[in-house]
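Below is one structure, written out as structure tokens; comments come after it.
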Number of protein chains: 2
Amino acid sequence: MADGEAVGVVGGGARRGRPGHDQETVLRVAVDLFNRQGYDGTSMGDLARELGLTKSAIYHHVPSKEHLLELAVGEALDALTTALDDVAGRPGLTAEERLRHAVRSSVTVLVEHLPAVTLLLRVHGNTPVEQAALARRREVDRRLAAMVRDAVDEGGVRDDLDPLLVSRLVFGMVNSLTEWVRRDRGTSGSSGTDAAALADAVSTLAFDGLTRGVRRAEQTPTGPTTGPTTG
Amino acid sequence: MADGEAVGVVGGGARRGRPGHDQETVLRVAVDLFNRQGYDGTSMGDLARELGLTKSAIYHHVPSKEHLLELAVGEALDALTTALDDVAGRPGLTAEERLRHAVRSSVTVLVEHLPAVTLLLRVHGNTPVEQAALARRREVDRRLAAMVRDAVDEGGVRDDLDPLLVSRLVFGMVNSLTEWVRRDRGTSGSSGTDAAALADAVSTLAFDGLTRGVRRAEQTPTGPTTGPTTG
DNA sequence: CCTACCGATCGGTAGG
DNA sequence: CCTACCGATCGGTAGG
């Protein structure tokens, strides 16, 4: 990936005569570039060079640059929305437990869809496509804020700080993972372990803080180690 | 600021015959645009329109678009570095107290230099100027991580989580403030109150977590309400 | 000669 | 999937 080298295309082993670019490959390489250089800072020429083909050839696979953005942010928003639906659909959980699940699910989704979520979090709203993405993202934020409010009302979460502020800070911390988490080299589809450990750490820090000493036993939610998103 | 309206230039009251654009005004308007649309997503034509003058006239005040970026990220990095120097220069503080000050200082600097810090946090490294900014930013991150390690070694901060991870999460939470904090309308130079309240909230959440009940008296550091940066 | 700009256009490159 | 291009716009500069 270093110098002027075009990326290997088919992940597996045997490579066909033609490079075999499909939309998924173009999308993956494009999103990586968008995240490295910024969406506006990435030209279709950059993408062509990275793919090892001409600019025009890209348009055989995708109709426009912005469609690539749309696909990626759609993936991220679908995953986040589904995760929240899962949490909301659990019967018999307290509001605090649902919030804990939401934090863990957010981390898991972020790690499993890292490039897409990273791109989503950097959208500016410069075009209708970006504005639509921001609208869906605000809806996710609203649902997360509501879960914090519910947990405060229920009594499990501190009420000396504004719930909206708490929601912004906690999920701001979660979202900041995109700044440094790296994708695991894609042996296959197993990214679960790292994500779970990270989710634990984030959850611990968010709920218990970084001050030493006050550790609590009721840290683990009802569903113990099974991931709330994929489960 | 809504439609095609050019921004008011001289903040005060009496306006001179000529618009009186100086470099500072150009910089302020430019950084606001960069943060709204992205640096690469903002053309010098956009900036000219917002300033109410021609593109060419901008180059009477600034040598290039990138110089505007350089000035802004320099302001942010200088402020962050100075704040860390201040904290490091305090004698007789425990490592935990220094860390608390660092968290509060970071919030204060972020609020007081909000546009500059926001821009800094979005730099990609596409040019030598951006790469230099990233290098300075990494140095700041290293110093913050070292403060967390010291606090862990000292015993005041939990040691069941990786100090580097804790540092990233806590200052990721701090940095996420740029996503939603709005500058106060600039009556004069008084932005202290809001920043202090926000610093309190962030510090409380970071050190004590959001779980109800375990509130601690030793929350306030040695220097109680005087801001560590400006003091 | 200075300042604070303007209308027009430069050489290159963007997405398509 | 390429060569050959387009309308437009990019950051920056010309003379006045």
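To find a chain, count down the sequence lines: A is the first, B the second, and so on, and within it residues start at 1.
Between the side chain of A:K55 and the main chain of A:S43, no donor-acceptor pair closer than 3.5 Å is present. Between the B:S176 side chain and the B:M173 main chain, a donor and an acceptor come within less than 3.5 Å of each other. No donor-acceptor distance shorter than 3.5 angstrom exists from the side chain of B:Y39 to the backbone of A:D40, with no hydrogens or angles considered. Panel note: side chain B:T82, backbone B:D78; a donor-acceptor pair is recorded below 3.5 Å.
Distance A:L53 CG to C:dG16 C1': 15 Å, rounded to the nearest Å. Rounded to whole Å, the distance from CG on A:D40 to P on D:dT9 is 15 Å. Atom CG in B:L47 sits about 13 Å away from atom P in C:dC5, given to the nearest Å. For B:D22 and C:dA4, the CG to P distance is 9 Å, given to the nearest whole Å. Rounded to whole angstrom, the span from the CD1 atom of B:I58 across to the C1' atom of D:dT13 amounts to 13 Å. Straight-line distance from the OH atom of A:Y39 to the C1' atom of C:dG15: 9 Å, rounded to whole Å.
Nearest to the side-chain atoms of A:H60 among the listed nucleotides D:dC1, C:dG16, D:dG12 stands D:dC1. Ranking D:dC10, D:dG12, D:dC2 by closeness to the A:A57 side chain, first place goes to D:dC2. If you check D:dT3, C:dG15, C:dA4 against the side chain of A:T54, the one that comes closest is D:dT3.
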Applying the Watson-Crick and G-U criteria (both distances under 3.5 angstrom) with [ ] for crossing and | for other-strand pairs, one obtains for DNA chain D ....||.|..|.|.|.

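Taking the P atom of each, D:dA4 and C:dG16 are spaced 22 Å apart, rounded to whole Å. With both ends at atom C1', the span from C:dG12 to D:dA8 equals 13 Å, rounded to whole Å.
Cation-pi geometry between A:R100 and A:F207 is met: under 6.0 angstrom from the ring centre, within 45 degrees of the axis.
To the nearest 0.5 Å, atoms OG1 (A:T81) and CG (A:D86) are separated by 11.0 Å.
In this structure, B:Y59 reaches the D:dG12 phosphate: one of its side-chain N or O atoms is under 4.0 Å from OP1 or OP2. Of the side-chain N and O atoms in A:S56, none sit less than 4.0 angstrom from OP1 or OP2 of D:dC2. In terms of phosphate contacts, A:H61 brings a side-chain nitrogen or oxygen within less than 4.0 Å of OP1 or OP2 of D:dC1.
Contact of the A:R104 side chain with the A:D200 side chain is registered, since non-hydrogen atoms from C-beta on lie closer than 4.5 Å.
Looking at A:K55, its side chain comes within 3.5 Å of the base of C:dG15 through a donor and an acceptor atom.
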